[in-house]
Amino acid sequence: MREMLTGGELDVLTGDYLAELTMLILGRDRLKDPAAGYARTFLRQLEECLGLAHERGVRIVTNAGGLNPAGLADAVRRLADRLGIPVRVAHVVGDDLTAAHPGSLAAHAYLGGFGITECLRAGADVVVTGRVTDAALVTGPAAAHFGWRATEYDRLAGAVVAGHVLECGAQATGGNYAFFRDGDARRPGFPLAELHEDGSCVITKHPGTGGFVDVGTVTAQLLYETAGARYAGPDVTARLDTVRLSQDGPDRVRIEGVRGEAPPPTLKVGLNRLGGFRNEVVFVLTGLDIEAKAALVREQMEPALGKVADVRWELARTDRSDAPTEETASALLRLVVRDPDQGAVGRALSGAAVELALASYPGFHVLAPPGKGSPYGVFEDVYVPHGSVDHVAVLHDGRRIPVPPAHDTAVLEAVPQPPLPEPPEPGPTRRVPLGLVAGARSGDKGGNANVGVWARTDDAWRWLAHELTADRFRELIPESRELTVVRHALPNLRALNFVVEGILGAGVAAQHRFDPQAKALGEWLRSRHLEIPEALL
């Protein structure tokens, strides 16, 4: 926060503190203390930086209110009074639908940006929200600054795209980037967007900060946690297939041409609930006879697992033959158990694993001593009509301004697949990793994962568009073979976006797989070998 306030010019500083897992964590906090439910880290940052923001005339917009935006707004006011800084604090409410969904720990609708707009138009210096879309932190200030109406869809869609690029911070400036060696990624600066009245923007960063901004880093973030050409939100549906990117100078990428459509008639609601209890033991298997050692310990553990609802074994063959270190001679056998009853996966199970220490395979040890079962969460999304949510801007003077639902809506439909470029001429190929010619960025949406893959040249795109089909994806990622894989083509970005349905089970909080948020799924795909034309290498 300090770097953003001191590094260069800024009108509005946004802070995105919420994710599906965060909402579950805040829900558990609120069970212990009804006054909790917001991101306390924001207050700690603000204590150091509120004076700076006030001096520089920078407004702050954040969703750190989480499950309790009114509580955080009051805490900010108390902080400002203690520091002697005159600050007008407003907040946005209406997203909390927990009472309407019995059994959920937290149920919150994803609101749009016009509540933020109302707060800023009324003069707020700090605006606190609960669960709004990540992009709303940008569309709200943009609509307030430029005076956009709710039906100016192209402009709003441009701001949505800018907000999506900014929402994960340094992921747009070289962080988590497939081609991180293209620049200095040791300490990436945070991105900023220079927004224009027509909805176009330039993504850049403060001078002198680390990392880098180029068409690739912006493409990667555009593909992150999206799916097809229509990127739906509560204010507008942005057409990702209309996005045009161009390098506008060092560390500057221009985004233009974004078209928008009316939003869908429903709002997404994220439901978080406790799914039960889980426990985990990781057995280390070293040297020879790895498969036989795994089979032995699985058979020995079987009596203790008989009544457990969900049992998963995974053997990771990280071992090498004739390895120079013990670590590289070892494989990991991971046992994950889940059950509604904490006792079924607690000490009894842990004890069964530990008791094998002197009576199992040679070299027996585990990565960490197993403990009692811990609760895990389940995420799902449902949809409600716009009018069923009371979206309200609570101004700094206490006035409450209702925010009307979307004036026009359009049922969301898939865009027909665009025409693909002509395939390249046949020629000699070499079997090498996909990542030599394509980048990837992957992430999670509930139980689904998305993997965006893009080519850096037109010739590579001509090959990628025809080679990396949904069937080829399943071939390269074996655990997706029994799942639904949907491919979306985005020729303007020279990109393909794959949605793998159900690969993450009940979402990140359930920790269904080794990489529970699919953050490295794209890098695994890039490491797989294909016959690639030598002309591209």
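The basis for the numbers below is simple: all heavy atoms, side chains too, and nothing from hydrogens, waters or symmetry mates.
Smallest separation of non-hydrogen atoms from Val389 and Gly94: CG1-O, 3.0 Å. Nearest heavy-atom pair, Ala162 versus Ala193, reported as atom, atom and distance to 0.1 Å: CB-CB, 4.3 Å. In this structure, Ala518 and Ala449 approach most closely via the heavy-atom pair CB-CB, 3.6 Å. Nearest heavy-atom pair, Ala185 versus Gly174, reported as atom, atom and distance to 0.1 Å: CB-O, 3.9 Å.
The closest side-chain heavy-atom distance from Leu496 to Val451 is not below 4.5 Å. Side-chain atoms of Arg28 and Leu105, non-hydrogen and from C-beta on, do get closer than 4.5 Å to each other. Looking at Leu67 and Tyr38, their side chains never come closer than 4.5 Å, going by heavy atoms from C-beta outward. Side-chain atoms of Ser480 and Phe473, non-hydrogen and from C-beta on, do get closer than 4.5 Å to each other. Leu493 is not listed as a side-chain neighbour of Pro491, based on a closest heavy-atom distance of 4.5 Å or more. Annotation: side chain of Val258 is not in contact with side chain of Arg239 (no heavy-atom distance under 4.5 Å). Within the 4.5 Å cutoff, the side chain of Val89 has no heavy atoms near those of the His396 side chain. A heavy-atom distance below 4.5 Å is not found between the side chains of Leu21 and Phe379.
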Notebook entry, point to check: Could you walk me through whether Val160 and Thr237 pass the side chain to side chain contact (heavy atoms under 4.5 Å, CB included) check?
Noted result: CA-CA 9 Å; Val160 163; Thr237 293; over 6 Å; no
Margin query: Asp134 vs Arg131, test: salt bridge (charged side-chain N to carboxylate O under 4.0 Å, His left out). Steps then yes/no.
Written below: CA-CA 9 Å; Asp134 302 336; Arg131 179 72 277 186; 3.0 Å; yes
Margin query: Could you walk me through whether Ser200 and Asp198 satisfy the side chain to side chain donor-acceptor pair (under 3.5 Å) test, starting with their C-alpha distance in whole Å, then the side-chain angles of each, then the deciding distance to 0.1 Å, before giving a yes or no?
Written below: CA-CA 6 Å; Ser200 65; Asp198 65 354; 2.7 Å; yes
Next item on the list: Show the numbers, then the answer: is there a salt bridge (charged side-chain N to carboxylate O under 4.0 Å, His left out) between Arg259 and Glu152?
Entry: CA-CA 10 Å; Arg259 302 299 302 273; Glu152 294 188 74; over 6 Å; no
Next item on the list: Test Tyr153 against Asp408 for side chain to side chain contact (heavy atoms under 4.5 Å, CB included), laying out the working first.
Entry: CA-CA 11 Å; Tyr153 296 132; Asp408 299 312; 3.6 Å; yes
Notebook entry, point to check: When you look at Arg30 and Asn68, which way does the side chain to side chain contact (heavy atoms under 4.5 Å, CB included) test go after all the steps?
Noted result: CA-CA 9 Å; Arg30 190 170 60 175; Asn68 187 6; 5.8 Å; no
Next item on the list: Run the numbers on Glu194 and Arg252 for salt bridge (charged side-chain N to carboxylate O under 4.0 Å, His left out), then give the verdict.
Entry: CA-CA 10 Å; Glu194 299 171 356; Arg252 293 177 62 83; 2.9 Å; yes
Note to self: Test side chain to side chain contact (heavy atoms under 4.5 Å, CB included) on Glu20 and Asp444; report intermediate values, then the result.
What the structure shows: CA-CA 10 Å; Glu20 292 167 1; Asp444 63 308; 3.9 Å; yes
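To the nearest 0.5 Å, atoms CD1 (Ile503) and CG (Leu521) are separated by 5.5 Å. Distance check, rounded to the nearest 0.5 Å: CG of Leu137 to CG of Asp16 gives 6.0 Å. To the nearest 0.5 angstrom, Thr151 atom OG1 is 8.0 Å from His407 atom NE2. The CG atom of Asp182 sits 10.0 Å away from the OG1 atom of Thr217 when rounded to the nearest 0.5 Å. For the atom pair CZ (Arg462) and CG (Leu420), the distance works out to 12.0 Å, reported to the nearest 0.5 Å. Distance check: Met1 CE to Leu46 CG gives 5.5 Å after rounding to the nearest 0.5 Å.
For Arg481 (side chain) and Glu475 (main-chain N/O), a donor-acceptor pair under 3.5 Å exists by modelled atom type. The backbone N or O of Gly130 lies less than 3.5 Å from no partner atom in the side chain of His91, so there is not a single donor-acceptor pair. Remark: side-chain polar atoms of Arg338 are not paired, donor with acceptor, to backbone N or O of Ala309 under 3.5 angstrom. With hydrogens and angles ignored, the 3.5 Å screen pairs no side-chain donor or acceptor of Asp251 with any backbone N or O of Phe212. A distance-only check finds a donor-acceptor pair linking the side chain of Arg230 to the backbone of Glu413 [under 3.5 Å]. Formation of a donor-acceptor pair under 3.5 Å by the Asn450 side chain with backbone atoms of Val499 is not found in this model. Judged by distance alone, with hydrogens and angles left aside, the side-chain atoms of Gln247 form a donor-acceptor pair with the main-chain N or O of Gly249 at under 3.5 Å.
Between Glu256 and Arg155, none of the side-chain N atoms (NZ, or NE/NH1/NH2) sits under 4.0 Å from a carboxylate O, so this pair counts as no salt bridge. Under a 4.0 Å N-O distance rule, the pair Arg59/Asp11 does not qualify as a salt bridge.
Each of Val394, Thr129, Asp390, Val128 was scored for a side chain to side chain contact (heavy atoms under 4.5 Å, CB included) with Val93, with one residue passing: Val394. When Val384, Val382, Leu97, Thr133 are each tested for a side chain to side chain contact (heavy atoms under 4.5 Å, CB included) with Leu267, only one passes: Val384. Among Asn492, Leu490, Ile255, Val218, the single residue meeting the side chain to side chain contact (heavy atoms under 4.5 Å, CB included) criterion with Val243 is Ile255.
Partners of Gln171 by side chain to side chain donor-acceptor pair (under 3.5 Å), not counting sequence neighbours, listed by chain and number: Asn176, Gln221. By the side chain to side chain contact (heavy atoms under 4.5 Å, CB included) test, Val486 pairs with Thr484, His488, Glu501, sequence neighbours left out.
For the pair Arg456 and Phe179, the cation sits on the ring face: its NZ or CZ lies under 6.0 Å from the ring centre, inside 45° of the axis. Both tests do not hold together for Arg273 against Tyr376: distance to the six-membered ring centre under 6.0 Å, angle to the ring axis within 45°.
Residues Thr226 and Asn497 have side chains that bring a donor and an acceptor to within less than 3.5 angstrom of each other. Between the side chains of Thr457 and Asp459, not a single donor N or O lies within less than 3.5 Å of an accepting N or O. At a cut-off of 3.5 Å, with distance as the only test, no side-chain donor of Asp471 or Thr469 sits close to an acceptor on the other residue.
Classification of the Tyr231-His164 ring pair by plane angle, with boundaries at 30° and 60°, yields tilted.
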N/O donor to acceptor pairs below 3.5 angstrom from side-chain atoms of residues 107-123, sequence neighbours left out:
unit_1 : atom_1 : unit_2 : atom_2 : d
His108 : ND1    : Asp95  : OD2    : 2.8
Thr117 : OG1    : Gly113 : O      : 3.2
Thr117 : OG1    : Gly140 : O      : 2.8
Arg121 : NH2    : Ala143 : O      : 3.3
Arg121 : NH2    : Trp148 : O      : 3.4

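Counted within 6.0 Å of CZ on Phe190, heavy atoms from surrounding residues, nucleotides or ligands total 12 or fewer; the atom is thus considered open. When the shell of 6.0 Å around CZ of Arg528 is examined, it contains more than 12 heavy atoms from other residues, nucleotides or ligands.
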